[in-house]
Amino acid sequence: MEEETNPISNVEDLHDEECAPVQPESDSLSSSDAPQGEEQEQPAAPEGTPSAEPEPAEPTPIAAEADPPKGRRNIIASISSLFKSTSQLLRTVIILAVVLLVAFGIFSLQHRAKHKKVVRTITQTVVEVKKIKEFCTANYQEETVVVARRKKLLRTEELAIIAKGTVRVGFDLSKMTTRLTSDTSIVVELPAPIVLDVITNPGDFDIFEENGKWDQKVVTTYKNLARATILNHAKAEGIMEDAEKNGVEKLTLLFKRMGMKSVTINVAHPEPPRTESGTPFEGGMLTMPEKQDPAI
Amino acid sequence: MKRNVLLWVLAAMLLCCTSCRKEEKDIKYKIMKAELGTVEYTVRQIIRNSDETWKFFGERKVLFSVKATLKAGINLDKMEDDDVEVKGKSIKLTLPCPEIVALNIRPDDIELAYSKVSTLRSDYSQKELEEILHSGEKAIRNDETLRATILDDAKTNAREFFEVLLRSSGFENIVIKFDD
């Protein structure tokens, strides 16, 4: 209720209080043992009573401070009124700050908790079971980086993916034939080594940088580009030759352990199919344009 | 004493430097193997993610349909000379236990079937989607029932493969067991 009153009238009230002969601090300190009621009664004493009036002849230094000149009193009053309005302002600012802090806290927590409290349910069904005879003889592992960029009105959006891939190379032993030439010698006909798998599982991809919203299909395209890059590098590093050499070694060892003294392994090398231009066709490779269309 | 401490600190710093240098290098390497894959399972998996952290602000849901291929077989590198006993036309072969040799989830086999994000919620980032998919991959790897089934099939098929191979190599009495 006090806050609603006119500040000027407050000032006047304050003047009256200050003009009162009560010593603001010294008296209250000296009469600390006295009951509070007495302290309040003192200014209410009749003005004519000489004992109730302070002695102006020899004022104590404290009393002099408590009774400042009029100009000074005005300053003090205006400062205190200013303090009152300032305290209101301060209160508003503090409330605003607290609200802002709470809002910021909620949003930062939301951002942080994005990955935490999630519900994941996974169900799976076996759709196919296949009998295979694959002899994997070499693996090639590589980490590669694919960067996608597209220009928007004022900025460039980027997506940088680190992909770790494994290329498994070996033989399809369902096409293998064996021929005994004697009790302890064998001739094995092996097909040419093939790429059995290019493995880039979700756990092998690391989204290093992501600016803007990228469609899942676009991301899949870039993941396939990373796979193709890894496969190209594997072939360039001679993984097919290594797989063939190691396969022959391992099979020879296996047959020798079985008691064969002579093991001959022939690996088929079919000529790669040729395109119309006459250049060998690299089957199974994904070719991507050098510059990506930003629309994809 | 002080000198020793100083030497240890220097050695540790050197080690740190070398490991940092290793990280900067391109990781490319080849591993020679001898894995005989005998069975391939194709698994269809549904990965559901429902982010209920800030349900007050709305929902975030995503559903993936993923096709994964698992291959299991025998690691022939684990075989030793003692694992093969030959006596005339009889052979006793001890094979190592089958194991999962490959799990492959091709990017093309990941289908985003459904996605719902409320207006007040931020959309799933690619990093978050990758994490969700990764959890699905882990679930396949850690599925003990599936693992047991596939390894059992791998064992049966490996036995069958070696029986045919050994018979065509002239053996009549064939005993195949697994190193359990």
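What's counted below: heavy atoms across the whole structure, side chains too, no hydrogens, waters or symmetry copies. By convention in this document, chain letters (A, B, ...) are assigned in the order of the sequence lines, proteins followed by strands, and residues within each chain are numbered from 1.
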To the closest 0.5 Å, what do you measure between CD1 (Ile132(A)) and OH (Tyr41(B))? 12.0 Å
Under 4.5 Å between any side-chain heavy atoms of Met32(B) and Lys245(A), yes or no? no
Toward chain A, the part of Leu146(B) with a non-hydrogen atom under 4.5 Å: side chain
Could you give the distance from NZ (Lys213(A)) to OH (Tyr124(B)), rounded to the nearest 0.5 Å? 11.5 Å
Counting distance only, does the side-chain N/O of Asn246(A) pair as donor-acceptor with the main-chain N or O of Lys33(B) below 3.5 Å? yes
Okay, Val145(A) and chain B: the region with an atom under 4.5 Å from a heavy atom over there is neither
Any residue meeting side-chain hydrogen bond (donor to acceptor under 3.5 Å, both in side chains) with Asp143(B), in chain and number order, not counting sequence neighbours: Gln124(A)
Under 4.5 Å from any heavy atom of chain A, what part of Leu166(B) do you find: side chain, backbone, both or neither? side chain
Give, as side chain, backbone, both or neither, the part of Glu249(A) having an atom under 4.5 angstrom from any heavy atom of chain B. neither
Answer with side chain, backbone, both or neither: which region of Glu160(B) has an atom nearer than 4.5 Å to a non-hydrogen atom of chain A? side chain
Max heavy-atom pair count under 4.5 Å with chain B, selected residue of Thr220(A), Thr137(A), Val126(A): Thr137(A)
Can you see which heavy atom on Pro107(B) is nearest to which on Arg227(A), and at what distance? CD-CD, 3.5 Å
Name the region of Asp153(B), side chain, backbone, both or neither, that has any atom closer than 4.5 Å to a heavy atom of chain A. side chain
Just by distance, do the side chain of Glu137(B) and the backbone of Gly203(A) share a donor-acceptor pair under 3.5 Å? yes
Examine whether an atom of Asp215(A) lies under 4.5 Å from a heavy atom of chain B, and if so say whether it belongs to the side chain, the backbone or both; otherwise answer neither. backbone
Phe178(B) atom CZ: more than 12 heavy-atom contacts under 6.0 Å: yes
Which portion of Thr200(A) sits near chain B, non-hydrogen atoms under 4.5 angstrom: both
Between chain B and each of Lys223(A), Gln216(A), Arg179(A), Glu210(A), count heavy-atom pairs under 4.5 Å; write down the option with the most. Glu210(A)
For chain A, the option from Ala102(B), Ser169(B), Ser168(B), Gly170(B) that forms the most heavy-atom pairs under 4.5 Å: Ser169(B)
Tell me, for Val86(B) versus chain A, whether the close heavy atoms (under 4.5 Å) come from the side chain, the backbone, both or neither. side chain
Could you check whether any side-chain heavy atom of Phe161(B) comes within less than 4.5 Å of a side-chain heavy atom of Leu173(A), counting everything from C-beta outward? yes
Close side-chain approach of Arg257(A) to Leu93(B), heavy-atom, < 4.5 Å: no
Pairwise distance CG(Leu165(B)) to CD1(Ile186(A)) - rounded to 0.5 angstrom: 7.0 Å
Lys250(A), part contacting chain B, at a heavy-atom distance under 4.5 Å: side chain
Most heavy-atom pairs under 4.5 angstrom with chain A, which of Thr156(B), Leu103(B), Asp83(B), Leu133(B)? Leu103(B)
Only one of Asp204(A), Asn201(A), Ile199(A) forms a side-chain contact (heavy atoms from CB on, under 4.5 Å) with Ile105(B), so which one is it? Asn201(A)
At a heavy-atom separation under 4.5 Å, does Leu36(B) approach chain A through its side chain, its backbone, both, or neither? both
Nearest-0.5 Å distance that lies between atom CD1 in Ile207(A) and atom CG in Leu129(B): 8.5 Å
Reported NE2-to-CG distance for the pair His134(B) and Asp206(A), which is rounded to 0.5 angstrom: 10.5 Å
Check whether any side-chain heavy atom of Glu40(B) lies under 4.5 Å from a side-chain heavy atom of Val129(A), and answer yes or no. no
In Å and rounded to the nearest 0.5 Å, what is the NZ to CD distance from Lys127(B) to Glu209(A)? 9.5 Å
Within a strict 4.5 Å, meaning less than it, do heavy atoms of the Ile161(A) and Gln126(B) side chains meet? no
Part of Phe255(A) lying under 4.5 Å from any heavy atom of chain B: side chain
Is chain A contacted by the side chain of Leu112(B), its backbone, both, or neither, given a heavy-atom distance below 4.5 Å? side chain
Turns out that what part of Lys217(A) lies under 4.5 Å from chain B's heavy atoms comes down to neither
Structural part of Asn157(B) lying under 4.5 Å from a heavy atom of chain A: side chain
Side chains of Cys136(A) and Val101(B) in contact at under 4.5 Å (non-hydrogen atoms): no
Suppose a student defines contact as a heavy atom less than 4.5 Å from any heavy atom of chain A. Which residues in residues 67-80 of chain B would they list? Lys71(B), Leu76(B), Asp77(B), Met79(B), Glu80(B)
